[in-house]
Amino acid sequence: MDGRVRVRTGRPPDAAGLVRLAGQVEQWFGPMVGEPGFHAAVERQLACGQALVAVGEAGLLGGLLVGRRPPVCHLHWLVVDAAARGLGIGRALVAEALARCPAEVRTVEVVTFGADHPGATAGGARVFYERLGFSPAEPAAPGPEGGSRQVYRRELRPDGSTTPLGHK
């Protein structure tokens, strides 16, 4: 990742940038940009400090909405600008989220595309999470566009570190 990109806690003024990025992935997730409920959810996450953003010279390059309810941390929505994908921004956002997990968090979960969803291959989400130490778990409810979803889970070490079990 470029050293000029930094990950920080999202702030309310970042909402417009996150909604712009949402427009780039609506084909996989269903309508978001025109949905008041989506805007409200993004604004709530930003207001309570539960969002991370990656910012570079070109502005907002990515974002991640996080929910921390020990003993589980939920990664709710990860998006990286199409022009910046493959540069390590998604990895940096997830790493920062894991680093900020309270000590009592033992499991991190994300709901991503099911194996038969077009976004699973085109977006590479399943491979992305597997490379970060997440494992496929149970199926999840379909997405708003009707596509399949699956929970991916990463167990944290008993000492609260983010090193996955079985890795050094």
Is the closest side-chain heavy-atom distance between Leu156 and Val105 below 4.5 Å?
-> yes
If you look at every heavy atom in Leu60 and Gly17, which pair is closest and at what distance?
-> CD2-C, 3.3 Å
So do Asp116 and Ser148 actually touch side chain to side chain, heavy atoms under 4.5 Å?
-> yes
Side-chain touch Trp77/Gln45, heavy atoms, less than 4.5 angstrom | no
Whether Gln150 side chain and Ala137 backbone form a donor-acceptor pair below 3.5 Å = yes
Considering non-hydrogen atoms only, spot the tightest contact between Val111 and Ala140 and give its length.
-> CG1-CB, 3.7 Å
side-chain hydrogen bond (donor to acceptor under 3.5 Å, both in side chains): which pairs involve residues 62-75, sequence neighbours left out?
-> Gln50-Arg68
Are the side chains of Gln24 and Asp81 in touch, meaning some heavy atoms are under 4.5 Å apart?
-> yes
Taking all atoms of both residues into account, what is the closest heavy-atom pair of Ala84 and Ile89, and its distance?
-> CB-CD1, 3.6 Å
Point-to-point distance, once rounded to the nearest 0.5 Å, from NE2 of His76 to CG of Leu64 | 9.5 Å
Does Val55 offer a backbone N or O that forms a donor-acceptor pair with the side chain of Arg8 under 3.5 Å?
-> no
Carboxylate-amine/guanidinium proximity below 4.0 Å for Arg20 and Asp14 | no
What about Val5 and Val7, same hydrophobic cluster or not, with Ile/Leu/Val/Met/Phe/Trp/Tyr joined at side-chain heavy-atom distances under 4.5 Å?
-> yes
Side chain proximity check, Val151 to Val110, heavy atoms < 4.5 angstrom | no
Distance in Å, Tyr129 OH paired with Leu75 CG, rounded so as to fall on 0.5 Å steps | 6.0 Å
Should Glu138 and Arg153 count as side-chain neighbours, where that means a heavy-atom distance under 4.5 Å?
-> yes
Hey, could you give me the CD/CG distance between Glu96 and Leu52, rounded to the nearest 0.5 Å?
-> 6.0 Å
Separation between OH of Tyr152 and CD of Glu109, rounded to the nearest 0.5 Å = 13.5 Å
Do Phe128 and Val108 sit in the same hydrophobic cluster, where Ile, Leu, Val, Met, Phe, Trp and Tyr count as joined when their side-chain heavy atoms come under 4.5 Å apart?
-> yes
How long is the gap from CZ on Arg44 to CG on Leu46, to the nearest 0.5 Å?
-> 11.0 Å
Heavy-atom closest pair, residues Arg100 and Thr9 | NH1-OG1, 2.5 Å
Side-chain touch Arg91/Arg131, heavy atoms, less than 4.5 angstrom | yes
Do Thr112 and Phe134 pass the side-chain contact (heavy atoms from CB on, under 4.5 Å) test, and can you show the C-alpha distance, the side-chain angles, and the key distance before you say yes or no?
-> CA-CA 11 Å; Thr112 192; Phe134 288 80; over 6 Å; no
How far does SG of Cys73 sit from CG of Leu98, to the nearest 0.5 angstrom?
-> 7.0 Å
Can you find a heavy atom in the side chain of Leu78 that is under 4.5 Å from one in the side chain of Val94?
-> yes
Intermediate values then yes/no, side-chain contact (heavy atoms from CB on, under 4.5 Å), Leu61 and Leu87 | CA-CA 10 Å; Leu61 299 174; Leu87 300 178; over 6 Å; no
